[in-house]
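What follows is a single structure, written as structure tokens, with notes after it.
None of these values were measured; they are calculated from a predicted model. In what follows, chains are A, B, ... by sequence order, proteins preceding strands, each numbered from 1.
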2 protein chains.
Amino acid sequence: MLSPIRTATAQPAFGLDAVFGGACPRFVRDEEIFGEGEAADYVYQVVSGAVRTYRILRDGRRQIDEFHFAGDHFGLELSDVHRVTAEAMADTTVRMIRRGALSDLAAQRGDAARAIFRLTAEGLQRSQDHVLMLGRRSACERVAGLLLDIAERTHAKAELDVPMSRQDMADYLGLTIETVSRTLTSLQDEGLIALPTVRHVVLQDRSALERMTA
Amino acid sequence: MLSPIRTATAQPAFGLDAVFGGACPRFVRDEEIFGEGEAADYVYQVVSGAVRTYRILRDGRRQIDEFHFAGDHFGLELSDVHRVTAEAMADTTVRMIRRGALSDLAAQRGDAARAIFRLTAEGLQRSQDHVLMLGRRSACERVAGLLLDIAERTHAKAELDVPMSRQDMADYLGLTIETVSRTLTSLQDEGLIALPTVRHVVLQDRSALERMTA
DNA sequence: CCTCCGGTTTGATCCGGATCAAGGCGTGCG
DNA sequence: CGCACGCCTTGATCCGGATCAAACCGGAGG
């Protein structure tokens, strides 16, 4: 829908990149960028580092909604309030654009509106994949899927840096840290990956991992 | 984001309703509306009945992505191919609009582009809620949440018709039919609901159900 | 260099939900 | 009216992942 073929202008792909402010706010590891329930006055883009967005149930159970890497957008809301909390997973810089400015831009330029649609629809696709993961996949398939996803999104080949703790992985995958840890160990025992350090993974048999992802 | 306050025109809320074709294709129960991988030439709106969209893994595991009731839109894709299969859950009528027509409209009218954004963002919100459900809720919480969701979306008060089979519920909730059935029975035993017939539920203690939903 | 400390791994056991297996029941059809 | 077929419920057992508990690292600070 709204395929790029139909863009009215000649410019290749109007990102929203140009419209983001020049200043790049910095956040240290685990610093909150915005909180659930706060006014959603800005939309964000990760410049460097990584961000997690999550929600917490009354009793403390946490579900990470999404990880955001360099270039990814987050914080775009339908209502005027953030539905999730956003935190830096490492030292991170972001760019921001006022929601109102984005809205005005979309009203003026069809290609901007299309770019916003694209952003939202990409988020929806990712969320749908997440649903499939959580609803119908085993712990092992989930972990393998996450590693491949991180590799792809951070443009890593065989070696990748995992920018999150085991707890973050668990809360994204709907598992516990113990299960994540055991699963990684067993993937290593089977020779599919290597774990030189806790946050560094080598994909030794990518096709086997991809096969698990079904 | 893109809040209704900023609409340029005076008209209250430009739905996409006006732009959908007049003909209402009909589908009988379990009939496919479109299949995963098929060209996404149209966007759909449920007129009457209900629709499920789902994906299937190689080994047959099915995950229902979303249920769509009267008024709901479905089939809007970022790419030109459907990522899910859509089937009528009961005898159903839908309205359709050519994707290209919608795209043209969005390019001309800011309010149309905004309506499309709204549609997509609502789908994203629902998907995020689904993720939270699947990642961090017990079987009992999931079933209670689904009942409340159906009640709300079909505008039912205390009594509601469940338009789907136990298998559909299970495949939406990431459970098995046996667990869904047992959970419903235990909710009934606890006096939270009554089940006069298989597809008819009475919410006897809505606040208790809502409390489970956390 | 040693110690401390938070994050991670590993071990033992438990439990919620899956699986396997029968029954019940409502509905449509002969 | 009765039979049969699908769906649903219920029962028995199993198992994947959770929970509880302890040991193991690896990096920061003294």
Looking at B:Tyr54 and B:Ile64, what are the two nearest heavy atoms and their distance?
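The answer is CB-CA, 3.8 Å.
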Is the distance from OP1 or OP2 of C:dT10 to the nearest side-chain N or O of A:Ser181 less than 4.0 Å?
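No, A:Ser181 has no side-chain N/O under 4.0 Å of OP1/OP2 on C:dT10.
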Give the angle between the helix axes at the two ends of the helix from C:dC1-D:dG30 to C:dG30-D:dC1, taking five base pairs at each end and rounding to 10°.
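End-to-end axis angle for the helix from C:dC1-D:dG30 to C:dG30-D:dC1: 30°, rounded to 10°.
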If the threshold is 4.0 Å, N to carboxylate O, is there a salt bridge linking A:Arg62 and A:Asp171?
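Answer for the salt bridge query: yes.
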Mind running salt bridge (Lys or Arg N to Asp or Glu O under 4.0 Å) on B:Glu152 and B:Lys157 for me, showing each step along the way?
CA-CA 8 Å; B:Glu152 187 182 329; B:Lys157 298 164 297 296; over 6 Å; no
Ring center gap for B:Tyr44 and B:His68 short of 6.0 angstrom
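Not under 6.0 Å, so no.
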ring-ring contact (aromatic ring centres under 6.0 Å, His included) contacts in which one or both residues fall within residues 192-211 of chain B, not counting sequence neighbours:
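Pairs touching residues 192-211 of chain B that pass the test: none.
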Partners passing side chain to side chain donor-acceptor pair (under 3.5 Å) against B:Arg199 (at least two apart in sequence or in another chain):
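Not a single residue meets the side chain to side chain donor-acceptor pair (under 3.5 Å) criterion with B:Arg199.
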List in chain and number order the residues that pass side chain to side chain donor-acceptor pair (under 3.5 Å) with A:Ser48, two or more places apart in sequence or in another chain; answer none if no residue qualifies.
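Counting only residues at least two positions away or on another chain, A:Ser48 forms a side chain to side chain donor-acceptor pair (under 3.5 Å) with A:Thr93.
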Nearest-Å distance, [atom1] ([X]) to [atom2] ([N])?
X: A:Arg29; N: C:dG6; atom1: CZ; atom2: C1'; result: 11 Å
X: B:Asp171; N: C:dA18; atom1: CG; atom2: P; result: 11 Å
X: B:Ile177; N: D:dG11; atom1: CD1; atom2: C1'; result: 15 Å
X: A:Arg199; N: C:dG6; atom1: CZ; atom2: C1'; result: 12 Å
X: B:His200; N: D:dC8; atom1: NE2; atom2: P; result: 16 Å
X: A:Gln167; N: C:dT9; atom1: CD; atom2: P; result: 12 Å
X: B:Arg166; N: D:dT10; atom1: CZ; atom2: C1'; result: 14 Å

Residues in side chain to side chain contact (heavy atoms under 4.5 Å, CB included) contact with B:Asp30, at least two apart in sequence or another chain:
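B:Arg52.
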Residues that B:Leu119 engages under side chain to side chain contact (heavy atoms under 4.5 Å, CB included), provided they are two or more places apart:
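Per chain and number, B:Leu119 pairs via side chain to side chain contact (heavy atoms under 4.5 Å, CB included) with B:Leu16, B:His73, B:Leu76.
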N/O to N/O distances under 3.5 Å, protein versus nucleotides 20-22 of chain C:
from	atom 1	to	atom 2	distance (Å)
C:dC20	N4	B:Glu178	OE2	3.1

For B:Asp72, give me all partners under salt bridge (charged side-chain N to carboxylate O under 4.0 Å, His left out), at least two apart in sequence or on another chain.
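For B:Asp72 the salt bridge (charged side-chain N to carboxylate O under 4.0 Å, His left out) partners, ignoring immediate neighbours, are B:Arg153.
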Residue list, ring pair (Phe, Tyr, Trp, His ring centres under 6.0 Å) with B:Tyr42, at least two apart or on another chain:
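B:Tyr42 satisfies ring pair (Phe, Tyr, Trp, His ring centres under 6.0 Å) with no residue once adjacent residues are dropped.
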Can you run down the salt bridge (charged side-chain N to carboxylate O under 4.0 Å, His left out) pairs that involve residues 125-134 of chain A, sequence neighbours left out, and say none if there aren't any?
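Matches after skipping sequence neighbours: A:Glu66-A:Arg126, A:Arg126-A:Asp149, A:Asp129-B:Arg55, A:Asp129-B:Arg83.
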I'd like to know if the side chain of A:Arg114 and the backbone of B:Ala106 have a donor-acceptor N/O pair within less than 3.5 Å.
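A pair under 3.5 Å: no.
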Are there any protein N/O atoms within less than 3.5 Å of an N/O atom in nucleotides 13-17 of chain C, and if so, which ones and at what distance?
from	atom 1	to	atom 2	distance (Å)
C:dG17	OP1	B:Ala139	N	2.8

Could you say whether A:Leu184 or A:Arg136 is positioned toward the 5' end of DNA chain C, judged by the nucleotide with the nearest heavy atom to each?
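In this pair, the answer is A:Leu184.
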Greater than 12 external heavy atoms within 6.0 Å of A:Glu31's CD
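Atom CD in A:Glu31 is packed in, count exceeds 12.
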Below 3.5 Å is the cut-off: list the nitrogen or oxygen pairs between protein and nucleotides 25-29 of chain D, distance only.
none

